[in-house]
Amino acid sequence: MPRRLLVTAALPYANGPIHIGHLVEYLQTDIWVRFQKLRGHRCLYICADDTHGTAIMIRARKEGRSELELIGEMSESHQRDFAGFGIEFDNYGSTHSDENRKICGEFWQALRNEDLVTERTVEQLFDPEAETFLADRFVRGTCPKCGRTDQAGDNCTCGHTYNPTDLIDPVSTLSGATPVLRESAHLFVELEKLHGFLNEWVAESGALQSETANYLKGHFLADELRDWDVSRPAPYFGFEIPDSPGNYWYVWFDAPIGYIASTQQWCDKHGEKLDDWWKSDECEVHHFIGKDITYFHTLFWPGMLKTAGYSLPTKVHIHGFLNVNGMKMSKRDGTLVKAETFLKHIDPAALRYFYASKLSSRVEDLDLSLTEFVDKVNSDLVGKVVNLASRVGKFAGQTGLSETYPDDGGLFEKAAAAGDAIADAYEQCEYAKAMRLIMELADAANPFVEHARPWEMKKDAERTDELRDVCTVALNLFRQLAVYLTPVLPSLAAACGELLDDPIVSWDQSQTPLVGRGVNKFKRMMDRVQLENLEKMIEESKAEAAADADVTDSPAPTFNDSDQPLKDEPLADEITIDDFMKVDLRVARVVAAEHVPEANKLLKLTLSLGGDETRQVFAGIKAAYEPEKLIGRLVVMVANLKPRKMRFGMSEGMVAASGPGGAEVFVLGVDEGAQPGQRVH
RNA sequence: GGGGCUGUAGCUCAGUUGGUCAGAGCUGGGAACUCAUAAUUCCUAGGUCGCGGGUUCAAGUCCUGCCAGCCCUACCA
């Protein structure tokens with residue numbers, strides 16, 4: 001009896017590229033979906049980009065473009081990355097879609113009708129410069145408890161937790177401005193009214209792993225459920241709440257509804273009814289998510305679904321995080337590898353298999369050890385599975401497959417019988433177990449070829465029938481493995497289908513051997529993974545991280561620069577390189593700086609050109625720089641400027657600076673590593 | 001501080017309801033073979049199953065105390 005399944009993976013946020021950590025989930029889900037489809041069930045893999053919220057708004061602003069442009073580009077890059085790893089969605093939507101807006105409205109109305117929405121005034125820090133309210137993570141300041149500076153908005157490294165309003169000297173990370181307290185009206189969902197329902201659902205629906213059910217029971221359900229703040233005041237990139245002008249749905253309100261909206265898009269394209277997928281007892285709904293977003297999917301979301309009359313999740317599959325070499329992924333270590341970067345160096349099939357070999361149904365972090373990755377993929381996939389086909393491929397191309405399946409000592413039959421256990425493991429998301437079972441079969445297959453010695457048969461024309469039989473067995477055992485591995489390795493399945501002119505489309509193909517037909521020319525199916533390539537990948541990631549840091553560390557970069565400076569001071573007449581070379585610019589270190597009492601604008605600087613060479617320079621930067629702060633700095637000076645006698649003494653050069661003057665003066669700096677005395681070319 | 005999980009051969013892990021359960025793969029060592037991507041096959045690896053108690057005729061397998069690691073969460077179960 002074919003089942004109907006609607007499967008989702010969490011919606012990736014449109015604020016960054018996909019990395020190998022994300023891929024754990026999308027691959028886990030893709031494998032499950034491919035498995036279900038292979039088993040003959042109707043199954044949809046639904047996903048979308050999560051596009052709303054302050055972070056997107058801010059980023060778009062910084063990059064000087066519209067949110068739509070940003071999320072459009074992100075969606076494209078996400079989908080390209082997913083496709084690169086063989087992740088096949090039935091529909092990939094966006095939370096910023098008409099469908100989503102409409103269904104959000106429907107959910108909202110349902111919440112209103114059930115009297116679950118209440119309004120309250122909230123005091124929140126507001127950035128007067130960026131003109132936006134600040135979530136905790138956009139505020140930093142001094143810890144009120146221990147006095148450490150530059151601490152996060154909600155907690156300090158000393159362990160103390162607080163509200164961002166408690167911070168001493170709070171600063172907005174968006175603009176550097178000092179936030180002010182401002183009131184606004186927020187809308188809340190009174191989740192407590194659904195407490196009874198949630199208690200029951202968590203305990204009895206069977207939708208949650210027991211560890212998760214216990215966690216919820218102990219953490220949230222034990223107390224009164226707090227109201228859930230689902231609105232954000234303008235400006236906010238999202239959907240405005242129809243009955244509350246100036247307020248927008250919080251990104252976590254519309255994100256999960258995006259699952260439904262994306263399904264709606266699929267239905268519209270395929271002439272199906274949404275209700276058959278989301279409001280039918282005949283359809284299972286499975287969510288795959290990471291442990292970090294557990295409560296959104298196990299409390300708020302079921303509450304919303306229940307209220308709006310949609311199906312509750314049949315199962316919420318929660319996975320842990322990815323570590324690399326036993327440690328948290330980090331940009332600095334180059335272990336937070338972007339999907340795109342990975343693809344430049346490594347076959348994605350290798351990652352699919354490795355993750356599969358590590359995943360279980362439990363909420364456990366998994367570790368990607370680079371050496372283990374190489375060993376496992378190479379010995380299991382290349383050494384055992386692919387090798388099975390590779391070693392008889394050439395012969396089989398000439399002999400074809402025997403008319404009847406030969407005696408193989410019960411290997412095929414035994415492996416066929418193992419199919420149920422393997423399928424069960426897939427179904428339970430126990431992929432590691434499935435892979436282990438499959439590799440046991442592969443371990444049994446190679447000795448058959450070894451003992452049959454087909455290479456000897458090849459030399460004897462009279463033994464062609466025997467040779468054909470050996471090839472028939474080896475290729476059928478290989479095909480059986482390929483079928484079992486199809487959810488994990490669609491590329492291998494495709495290669496197998498091509499070799500035998502019989503595409504793998506059904507799990508049942510593992511139960512019957514293929515006989516009495518030709519075999520195509522063998523083509524290499526997979527390359528071994530080289531540790532060097534992984535190392536290159538890590539190095540490249542490090543370099544990317546370093547490049548990113550250069551760009552993002554500078555506060556609030558804006559690229560929509562004004563054209564005023566150029567208008568104020570148009571470009572000078574063209575000169576030749578020789579003209580330029582007449583100006584001798586040198587790197588110099590400020591070794592002394594002091595005020596000149598009688599001067600309004602001047603500082604007296606002593607510049608060192610290295611060694612004993614110093615120059616005394618009067619610079620008109622008094623309004624912009626404190627003398628003490630200049631000492632030690634490297635600057636650029638015009639070193640061959642004719643000395644000029646000033647009222648306060650000789651000035652033996654000029655410090656290069658830009659700006660109209662007054663406080664608006666900016667001394668040219670030099671990157672670290674420059675030496676005083678070096679000429680600027 | 002609380003809660004959860006884990007602790008089995010160098011590494012990654014299997015070990016159902018307690019009784020050939022002390023295992024597999026990889027690595028290492030030895031040998032064979034050459035069809036295959038220096039792939040494969042055969043032999044070999046002597047780990048007090050974290051430590052101490054307890055229940056039982058019998059315990060990696062149940063109970064308990066301790067130790068270690070990981071995850072979650074923090075004045076709250």
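Everything quoted here is computed from the prediction, not taken from an experiment. Any value given below was found using the heavy atoms of this structure, including those in side chains, with hydrogens, waters and symmetry copies removed.
- Heavy atoms only, all atoms of each residue included: A:C471 and A:F395 are closest at SG-CB, 3.6 Å.
- The CG-P distance, from A:N325 to B:rC70, rounds to 16 Å in whole Å.
- Shown here, B:rU56 forms no base pair; nothing in the strands shown gives a Watson-Crick or G-U wobble contact with both key distances under 3.5 Å.
- Regarding A:Q530, its CD atom lies at a distance of 12 Å from the C1' atom of B:rA38, rounded to whole Å.
- Using a 4.0 Å cut-off between charged nitrogen and carboxylate oxygen, A:E427 and A:R3 count as a salt-bridge pair.
- Comment: A:E372 engages A:K358 in a salt bridge, judged by a side-chain N to carboxylate O separation of less than 4.0 angstrom.
- Atom P of B:rA39 sits at a distance of 23 Å from the matching atom of B:rA45, rounded to the whole Å.
- Glycosidic torsion of B:rG15 falls outside 90° of 0, placing the base in anti.
- Under the Watson-Crick and G-U wobble criteria, each requiring two contacts below 3.5 Å, nucleotide B:rG23 is paired to B:rC13.
- Atom CD in A:E364 sits about 12 Å away from atom C1' in B:rG7, given to the nearest Å.
- For the pair A:L216 CG and B:rG3 C1', the computed distance is 13 Å after rounding to whole Å.
- Rounded to the nearest Å, the gap between the C1' atom of B:rA58 and that of B:rC21 is 14 Å.
- Between A:R362 and A:E364 there is a salt bridge, since a side-chain N of the basic residue sits under 4.0 Å from a carboxylate O of the acidic one.
- Comparing the same atom, C1', in B:rG30 and in B:rU17 gives a spacing of 43 Å after rounding to whole Å.
- The same atom, C1', is picked in B:rU8 and in B:rG69; the two are 16 Å apart, to the nearest Å.
- The residue A:K358 sits close only to the backbone: its heavy atoms come under 4.0 Å of sugar-phosphate atoms, none of a base.
- Classification of A:R120 and A:D229 as a salt-bridged pair fails, no side-chain N sitting under 4.0 Å from a carboxylate O.
- Electrostatic pairing of A:K536 and A:E539 does not count as a salt bridge here, judged by no charged N lying under 4.0 Å from a carboxylate O.
- Comparing the P positions of B:rG29 and B:rG46 gives an interatomic distance of 14 Å, to the nearest angstrom.
- Distance CE (A:M435) to C1' (B:rU12): 16 Å, rounded to an integer number of Å.
- Comparing B:rG50 with B:rG10, their P atoms are spaced 13 Å from each other, to the whole Å.
- Between the C1' atoms of B:rA68 and B:rU55, the separation comes to 26 Å (whole Å).
- Among the protein residues, A:N387 comes within range of the nucleic acid bases, having at least one heavy atom under 4.0 Å from a base atom.
- Rounded to the nearest Å, the gap between the C1' atom of B:rU6 and that of B:rG60 is 14 Å.
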Tabulated below should be each protein N or O lying under 3.5 Å from an N or O of nucleotides 75-77 of chain B; please produce it.
residue : atom : partner : partner atom : Å
B:rA77  : N3   : A:G218  : O            : 2.9

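- Figure legend. B:rC35 is base-paired to no nucleotide; pairs are counted as Watson-Crick or G-U wobble with both atom distances under 3.5 Å.
- In a base pair of the Watson-Crick type (N1 to N3 plus N6-O4 or O6-N4) or a G-U wobble (N1-O2 and O6-N3), with each distance short of 3.5 Å, B:rG69 is matched with B:rC5.
- Mapping A:R436 and A:D365 onto RNA chain B by nearest heavy atom places A:R436 closer to the 5' end of the strand.
- Atom pair A:F220:CZ and B:rA74:C1' shows a separation of 12 Å (rounding to whole Å applied).
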Query raised in the report: In the 5'-to-3' direction, what one-character label does each nucleotide of nucleotides 23-35 of chain B receive under the scheme B = base within less than 4.0 Å of a protein heavy atom, S = sugar-phosphate only, - = no such atom?
Result: --SS------SSB

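- A:E450 has a carboxylate O that lies under 4.0 Å from a charged side-chain N of A:R391, or vice versa, which qualifies the two as a salt bridge.
- Between A:F478 atom CZ and B:rU40 atom C1' there is a gap of 16 Å when expressed in whole angstrom units.
- Within the nucleic acid shown, A:V386 comes within 4.0 Å of at least one base atom, counting heavy atoms only.
- Contact annotation for A:R528: base contact, defined as any heavy-atom pair under 4.0 Å involving a base atom.
- For the pair A:G383 and A:K433, both in contact range of RNA chain B, the more 5′-proximal nearest nucleotide belongs to A:K433.
- Searching all strands for a Watson-Crick or G-U wobble partner of B:rA45 with both distances below 3.5 Å returns nothing.
- Put simply, the residue from A:F342, A:Y26, A:Y355, A:Y353 that forms a ring-ring contact (aromatic ring centres under 6.0 Å, His included) with A:F85 is A:F342.
- A:E372 comes within contact range of the sugar-phosphate backbone alone, with a heavy-atom separation under 4.0 Å but no base atom that close.
- Ion pairing between a basic and an acidic side chain is recognised when a charged N comes within 4.0 Å of a carboxylate O; A:D380 and A:K384 show such pairing.
- One finds no salt bridge joining A:E430 and A:K433 here, because no Lys/Arg side-chain nitrogen approaches an Asp/Glu carboxylate oxygen to under 4.0 Å.
- Atom NZ of A:K458 and atom C1' of B:rA36 are 14 Å apart (whole Å).
- Both cation-pi conditions hold for A:K291 and A:F321: the charged atom is under 6.0 angstrom from the six-membered ring centre and inside a 45 degree cone around its axis.
- What you find for A:A445 and A:L388 is that their closest heavy atoms are CB-CD2, 3.6 Å.
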